[in-house]
Amino acid sequence: MKIHIVTSVEGRLKECDALILPFSLNRTPLFDIDQFASSPIFQACQLLNQVGSFQGKEDEVVIQYVDSVCEKRIVFLGLGSCLDQDRFFEAVRSGYAKAIQLLLREEGVQRISTCVPSSSEKEGNTFSSHQSQRIFRSLFEGIGFGAYKFQKYIGTQPLSSIQEVCCIAHDYEIGICEAEIASVTIEAARIVRDLVNSSAHEVTPDSVTKSAESLRSFSGIEVQTHDLAWIRTQKMGLIEAVGRGAEHEPKFVIIDWNHSKSDRTVFIGKGVTFDSGGLNMKPTGAIETMRCDMAGAASLIGLMHAVASLKLPIWITAILPLVENAVSAHSMRPGDVYCSRKGTTIEIANTDAEGRLILADALNYAVTELNPARIVDVATLTGASEIALGSDVSALFSNSNILVSELEKASQQSGEPLWRLPLHKKYVANLKSDYADMKNVTGNRAGGAITAALFLEHFVENIPWAHLDIAGPAYSKEGRGIYGKGASSIPFRTLLEFCLPRAGISR
Ligand code: BES
Ligand code: ZN
Ligand code: ZN
């Protein structure tokens with residue numbers, strides 16, 4: 001998808017299939033309507049003002065067909081009030097996504113133009129350059145995310161796909177800069193979503209390893225991949241245990257981007273390419289979407305792709321423990337005891353609580369081998385986090401208030417909500433085993449997201465650490481907001497926003 005920024009209507013490069021015009025409440029145009037004075041668009045706007053039911057409320061989209069040399073369709077897009085900033089940015093993101101989703105149902109929509117929402121003097125407010133930056137970003141992300149469709153396994157060709165976006169804007173410099181970051185973000189998010197959406201018989205530990213290896217095409221990324229033999233020499237007994245039942249052997253991948261003399265941030269992503277639950281098998285209704293259980297690992301592949309594309313001067317490392325939780329005569333059993341890399345023995349109380357097992361060995365590897373200044377792990381870890389916070393909000397756990405505030409800030413920038421839950425120490429007792437040093441889960445499901453996080457905390461020693469449980473937001477059967485059905489790429493954009501300030505890019 002190519003993005004062009006032009007400063008006047010005359011500057012529009014070519015004719016387009018649709019022109020999106022943004023409005024605030026009471027049909028207040030968020031663009032300079034006079035620039036269209038001698039075109040059919042002006043008449044269409046007049047018509048809308050006179051007869052339409054369109055108000056300019058959030059998420060209102062009306063498509064009109066016009067007989068113009070330039071545009072075939074005009075899309076009237078409502079963005080609501082501009083007064084509550086954060087809500088307005090969200091309205092821009094979701095409004096543009098909705099407009100694009102509607103346009104893509106029509107045949108042949110490839111090139112779109114839009115006037116970037118600019119100050120609405122009638123509402124008595126003007127946008128600062130910082131606000132203008134956020135508007136550009138929300139607009140690009142809305143278009144990029146709205147245009148994504150996963151059609152790999154659908155025989156018929158997609159009706160339309162957006163090839164070019166032409167933005168008519170006053171702030172050319174800001175637009176160009178945001179377009180560069182947004183193009184990278186949209187591309188990397190597509191990689192994440194394709195990986196998560198693809199069938200689990202194709203997306204195996206081996207194939208995710210190959211996706212990670214393809215990052216070597218960026219100069220300056222180092223990718224180390226390790227097989228089961230290495231995992232054994234590392235005494236990663238928990239990763240080995242989870243992988244036992246599968247035909248596809250586990251892998252352990254380390255991706256390094258070392259472009260700064262500053263300290264190192266290590267990310268760890270849960271990479272369960274399919275979670276059948278193991279011998280404690282998941283029932284119908286819970287098992288069908290479990291290809292999404294590598295969304296943590298996928299979001300880190302996206303992150304490394306974006307950071308390398310933008311050549312950010314930072315030092316980050318991504319660790320991907322990759323494994324399939326399958327059923328066979330070799331599967332780990334409930335009641336088995338395995339020894340972790342750290343040396344703590346673990347009773348497997350439930351084979352479906354496998355994510356924390358592979359993360360435990362990965363965390364211990366990071367702590368003992370990589371000298372991290374901070375660790376952030378990302379995992380579709382517990383259904384309990386979705387019960388607690390719903391499917392929009394990721395659960396955040398951390399032993400560091402600094403990390404929490406950095407991640408909260410990043411989440412505000414990305415519009416991917418998260419909420420901190422407590423590492424309530426009393427619940428550690430739930431993980432006490434009569435048979436080993438610890439068990440992987442308690443019989444009582446209450447507070448399940450917290451006990452999972454407490455299990456992980458045992459392996460992080462005292463290093464500043466944050467854990468994002470994305471079981472709710474990573475994937476949606478029904479489709480949600482700007483994302484449509486399937487993988488959302490959450491929390492990829494939050495992680496990128498978390499990295500930008502370290503690279504000296506303040507937003
Ligand atoms: N992969 C699941 C968690 C999950 C649930 C991800 C829904 C995405 C959507 C995880 O491995 C799991 O099965 N957790 C169990 C833990 C339980 C056995 C303590 C759960 O949440 O039920
Ligand atoms: Zn599971
Ligand atoms: Zn899982």
Side-chain angles (χ1 to χ4, degrees), residues 196-197 200 203 205 208 238-239 241-246 250 268-299 320-327 331-335 346-362 377-395 421 427 430-431 433 438-456 467-478 480 485-491:
V196 178
N197 284 327
V203 180
V208 180
L238 301 182
I239 296 181
V242 176
R244 282 169 58 105
I268 302 178
K270 174 176 173 182
V272 176
T273 58
F274 187 74
D275 182 10
S276 68
L279 291 179
N280 293 109
M281 192 181 261
K282 287 183 183 293
T284 299
I287 199 169
E288 297 82 357
T289 53
M290 278 302 136
R291 63 176 173 283
C292 80
D293 216 17
M294 36 62 78
S299 65
L320 319 180
L322 299 164
V323 66
E324 181 179 345
N325 189 19
V327 178
S331 296
M332 62 176 175
R333 307 161 191 83
I346 307 294
E347 174 194 348
I348 308 300
N350 188 318
T351 60
D352 197 10
E354 83 299 334
R356 63 197 76 183
L357 299 174
I358 65 167
L359 292 175
D361 277 346
D377 80 69
V378 202
T380 44
L381 204 64
T382 65
S385 67
E386 186 173 10
I387 301 295
L389 297 174
S391 44
D392 281 354
V393 184
S394 302
L421 295 179
Y427 296 169
N430 294 343
L431 296 171
S433 165
M438 262 168 107
K439 57 185 177 186
N440 70 336
V441 73
T442 162
N444 173 5
R445 293 175 77 91
I450 299 179
T451 30
L454 287 168
F455 183 91
L456 299 181
H467 157 60
L468 281 170
D469 193 333
I470 54 166
Y475 189 96
S476 167
K477 249 190 216 174
E478 295 81 30
R480 224 172 332 107
K485 292 181 184 180
S488 63
S489 81
I490 289 173

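First listed ligand is number 1; within each ligand, the first listed atom is number 1.
Leu421 and Leu389 get closest at one heavy-atom pair: CD1-CD1, 4.3 Å. When all heavy atoms of Lys270 and Gly355 are compared, the closest pair comes out as CE-CA, 3.6 Å. Across all non-hydrogen atoms, the minimal contact from Met438 to Ser433 is C-CB, 3.6 Å. Residue Ser276 comes nearest to Ile287 through the heavy atom pair O-CD1, 3.8 Å, listed as atom of the first residue, atom of the second, then distance. Residues Thr382 and Gly448 approach most closely at CG2-O, 3.8 Å, considering heavy atoms.
Neither the backbone nor the side chain of Asn325 comes within contact range of ligand 1; no heavy atom lies under 4.0 Å. For Glu386, no heavy-atom contact with ligand 1 is shorter than 4.0 Å. Contact annotation: for Asp352 versus ligand 1, heavy atoms closer than 4.0 Å belong to both the backbone and the side chain. At a 4.0 Å heavy-atom cut-off, ligand 1 does not touch Met294 at all.
Given atom 10 (C) of ligand 1, the protein heavy atom at minimum distance is Leu381 O, 3.2 Å. If you check which protein heavy atom lies closest to atom 16 (C) of ligand 1, you get Arg356 NH2, 4.0 Å. Among all protein heavy atoms, the one lying closest to atom 7 (C) of ligand 1 is Met290 CE, 3.7 Å. Looking at atom 19 (C) of ligand 1, its nearest protein heavy atom turns out to be Val441 CG2, 3.0 Å. Remark: minimum distance from atom 2 (C) of ligand 1 to any protein heavy atom is reached at Asp275 OD2, 3.5 Å.
Asp293 contributes atom OD2 as its closest N/O/S atom to the Zn ion (ligand 3). Closest N/O/S atom of Glu354 to the Zn ion (ligand 2): OE1.
Here the side chain of Ser488 pairs a donor or acceptor atom with the backbone of Ala474 at under 3.5 angstrom. With hydrogens and angles disregarded, no donor-acceptor distance shorter than 3.5 Å links the side chain of Asn350 to the backbone of Asn280. Ser331 places a side-chain N or O within 3.5 Å of a backbone atom of Ala326 that can act as its donor or acceptor partner.
By the 4.5 Å heavy-atom criterion applied to side chains, Val393 and Pro473 are not counted as neighbours. Annotation: side chain of Asp293 is in contact with side chain of Glu354 (closest heavy-atom distance under 4.5 Å).
Rounding to 10 degrees, one finds that the Zn ion (ligand 3) sits at the corner of an angle of 170° between Lys270 NZ and Asp275 OD2.
Between Thr382 and ligand 1, a contact under 3.5 Å exists for no N or O pair. Note: an N/O pair closer than 3.5 Å links Asp293 and ligand 1 by distance alone. Where the criterion is an N or O separation shorter than 3.5 Å, residue side chain and backbone included, Gly383 meets it with respect to ligand 1.
Residue-ligand proximity, Lys282 to ligand 1, at heavy-atom distances under 4.0 Å covers atoms 2 (C), 12 (C), 13 (O). Within the listing of ligand 1, atoms 22 (O) sit less than 4.0 angstrom from a heavy atom of Arg445. Atom numbering of ligand 1 starts at 1 in the shown order; those under 4.0 Å from a heavy atom of Glu354 are 11 (O). With ligand atoms numbered from 1 in the order given, ligand 1 contributes 1 (N), 10 (C), 11 (O) to contacts under 4.0 Å with heavy atoms of Lys270. Remark: ligand 1 atoms within the under-4.0 Å shell around heavy atoms of Thr380 are 1 (N), 2 (C), 3 (C), 6 (C). Shown in contact with Asn350 at under 4.0 Å from a heavy atom are these atoms of ligand 1, numbered in order with element: 18 (C).
Tested against Ile358 for a side chain to side chain contact (heavy atoms under 4.5 Å, CB included), the candidates Ile268, Leu238, Val272, Leu322 yield a single pass: Val272.
Thr442 and Asn430 share no side-chain donor-acceptor pair at under 3.5 Å.
Within 6.0 Å of CZ on Arg480 lie more than 12 heavy atoms contributed by other residues, nucleotides or ligands.
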